[in-house]
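Here is the structure we will look at, set down as structure tokens.
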Amino acid sequence: MPADERQDPEQPGQPDERPTPIRVLIAKPGLDGHDRGAKVLARGLRDEGFEVIYTGLRQTPEMIADAAEQEDVDVVGLSILSGAHMALLPRVVELLRAKGMDDVLVAAGGIIPDADLAALREAGIAEIFGPGTSIGQIARYFRERARRPG
Amino acid sequence: MSDPGSLLEAARTGDRRALGRLLTIIENQDPTLRPILPRLFAAGRGAHLIGITGPPGSGKSTLVSALTRALRDRGRRVGIIAVDPSSPYTRGAIMGDRIRMMEHSADRDVFMRSMASRGELGGLAATTWQAVAALDAAAYDPILIETVGAGQSEVEIAGLAETTVVVEAPEMGDEVQAIKAGLLEVADIVAVNKGDRPAAQQSARYLRAMLSTAGGRVGRTPAPVILTTATTGEGIDRLIEAIERHTREARSPEQSRARAVNQLRRALAELAQRRAVAHGAWLTSVEAVAERRLDPITAAERLLGS
């Protein structure tokens, strides 16, 4: 986009040939009220060059899937600390598939016991990032695995 | 089904997934978009385009949500484009406008799309006007366009929207702020939001007194100042009435021509930039200007072949 290259302090005067930013929806399904982690991740992904749509707390799977559809995101990142992950996360994947959004990468983060990981992967959650994961790791994973926009 | 032509047809018959994908193609200015742009604009149904602008934190998103609720009560299908700033360093962005829109997220008659400004400085993204055309083709009416949090001179919205609502919060400044050129000048309606704050009445009085002297808006009626409390819905009906009253003025031949001029200027600027950057002599021209061997005006003229 010509307009970008004028503004971009990294490459002044060069046509911008970097790929279009990847769009990521960060959502908190269910009833837990702690979104510091989700906000830190949103901010970190912003700094990694992603376009992040943050939807706020207490989202139902239906709200998340509808937002993903309208925003046409490449990645849905679900943050959950409440323990309701087995009920809520597979439901998000189901709803996205029902909308024909099979190619959207769905990943999760938060407090999820190891015993549940296999079942969640089976249900279509591509990756689960536990405590201690760096933002760089998540950004790298999204870049490698997200469908290209457009 | 991923070519823009089929997406446009599907979006026109209510397919929200198709509309979402079409908006991405527009936002990315994918080369496949160009052939369908005439059809996209021809498919427009003439939705009322309402701009919502104002400083960061004045309550634009909350007001958009309250307006949406009231418009839904009136049976309207509401389209929303919310623009947030992109980082000039990383091109990343955080778009948080959906947080205030939660209550509408599962409503099939509300379609909301967040857009990052991607390097544009006027308060909108370069492709917002085309995204608005897509929502119009998909029969959303009105379409609310929420700008980046605006300072004093991000006035691009006035060239796109038919009715521009400037949202101010109380205690944002004195009478002199109200008579400065810029944002308030482009207001067709001023909403003083957070009307439950003690200073709200006073702010509304300042604004009314100053705007009624009509300054820059020669020959136009002074913008009404309406007190709103978006969180409770107070004043929202009055705001909608003011917006509806403004429709006729907004659609006068002069106003329509002014918007057409703006659209053409934008299209021309984008076309000229695209041509120049694609020109074989682009990089050598940049070098020549950087080394002061050539002035930028002459370089631009040569790149456009004049």
Side-chain angles (χ1 to χ4, degrees), chain A residues 1-10 12-27 35 39 42-74 96 98-101 139 148-150, chain B residues 1-2 16-25 27-30 32 80 84 86-103 105-108 110-121 125-127 269-270 272-274 276-278 282-283 286-287 289-290:
Chain A
M1 199 93 233
D4 281 349
E5 123 266 311
R6 274 178 311 150
Q7 311 308 333
D8 186 356
E10 288 174 345
Q14 298 294 311
D16 198 334
E17 281 163 10
R18 289 172 297 175
T20 314
I22 296 170
R23 286 168 68 85
V24 182
L25 185 82
I26 298 288
D35 65 348
K39 283 176 177 156
R43 165 67 201 271
L45 290 175
R46 183 205 88 179
D47 290 344
E48 292 275 353
F50 291 81
E51 289 183 356
V52 183
I53 294 137
Y54 180 57
T55 62
L57 292 165
R58 290 181 281 276
Q59 303 278 299
T60 65
E62 285 76 10
M63 291 158 99
I64 294 167
D66 278 344
E69 177 178 61
Q70 291 166 53
E71 300 291 356
D72 191 34
V73 289
D74 308 297
L96 287 172
K99 290 176 183 298
M101 300 182 75
R148 300 310 310 172
Chain B
M1 184 193 72
S2 63
R16 290 157 69 83
R17 169 90 186 111
L19 179 55
R21 296 187 61 190
L22 179 62
L23 288 168
T24 302
I25 288 170
E27 208 177 7
N28 295 344
Q29 291 290 290
D30 191 279
T32 60
I80 302 162
D84 271 319
S86 298
S87 160
Y89 299 98
T90 68
R91 298 203 308 169
I94 292 187
M95 294 171 273
D97 301 293
R98 295 196 85 90
I99 296 172
R100 318 271 178 237
M101 295 295 299
M102 250 200 267
E103 64 175 295
S105 58
D107 184 342
R108 308 286 301 170
V110 176
F111 194 103
M112 174 181 185
R113 178 68 172 230
S114 313
M115 291 184 97
S117 63
R118 297 195 180 172
E120 282 286 305
L121 297 178
T127 55
E270 278 166 28
Q273 286 197 33
R274 222 178 10 252
V277 173
W282 168 253
L283 288 177
V286 172
E287 284 303 313
V289 172

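Just so it is clear: chains get the letters A, B, ... in the order the sequence lines come, proteins before strands, and each one is counted from 1.
Just one residue in the list B:L22, B:L19, B:L23, B:T24 forms a side chain to side chain contact (heavy atoms under 4.5 Å, CB included) with A:D72, and that residue is B:T24.
A:F50 touches chain B through its backbone: at least one of N, CA, C or O sits under 4.5 Å from a heavy atom, while the side chain does not. Heavy-atom distances place no part of A:L45 under 4.5 Å from chain B, backbone and side chain included. Neither the backbone nor the side chain of B:R100 comes within less than 4.5 Å of any heavy atom of chain A.
For the options A:K99, A:E62, A:E48, A:M101, heavy-atom pairs under 4.5 Å to chain B are most numerous at A:M101.
B:I94 contributes atom CD1, which lies 10.0 Å from atom OH of A:Y54 (distance to the nearest 0.5 angstrom). Rounding to the nearest 0.5 angstrom, the gap separating the CG atom in A:L96 from the CZ atom in B:R17 is 9.0 Å. Atom-to-atom distance recorded for B:N28:CG and A:R23:CZ is 8.5 Å, nearest 0.5 angstrom.
Using a 4.5 Å heavy-atom threshold, the side chains of B:M101 and A:T55 count as separate. Between A:Q70 and B:S105 there is no side-chain heavy-atom pair separated by less than 4.5 Å. Here the side chains of A:T60 and B:M102 are not in contact, with every heavy-atom distance at 4.5 Å or above. Contact annotation: the side chain of A:I53 approaches that of B:R98 to within less than 4.5 Å [non-hydrogen atoms, C-beta and beyond]. Side-chain contact between B:R91 and A:E51: absent, with no pair of heavy atoms (C-beta onward) separated by less than 4.5 Å.
A donor-acceptor contact shorter than 3.5 Å links the side chain of B:T90 to the backbone of A:R46.
Of the N and O atoms on the side chains of B:S114 and A:E71, at least one donor lies less than 3.5 Å from an acceptor on the other residue.
Ionic pairing of B:R16 and A:D66 is not present here: no N-O contact between side-chain nitrogen and carboxylate oxygen is shorter than 4.0 angstrom.
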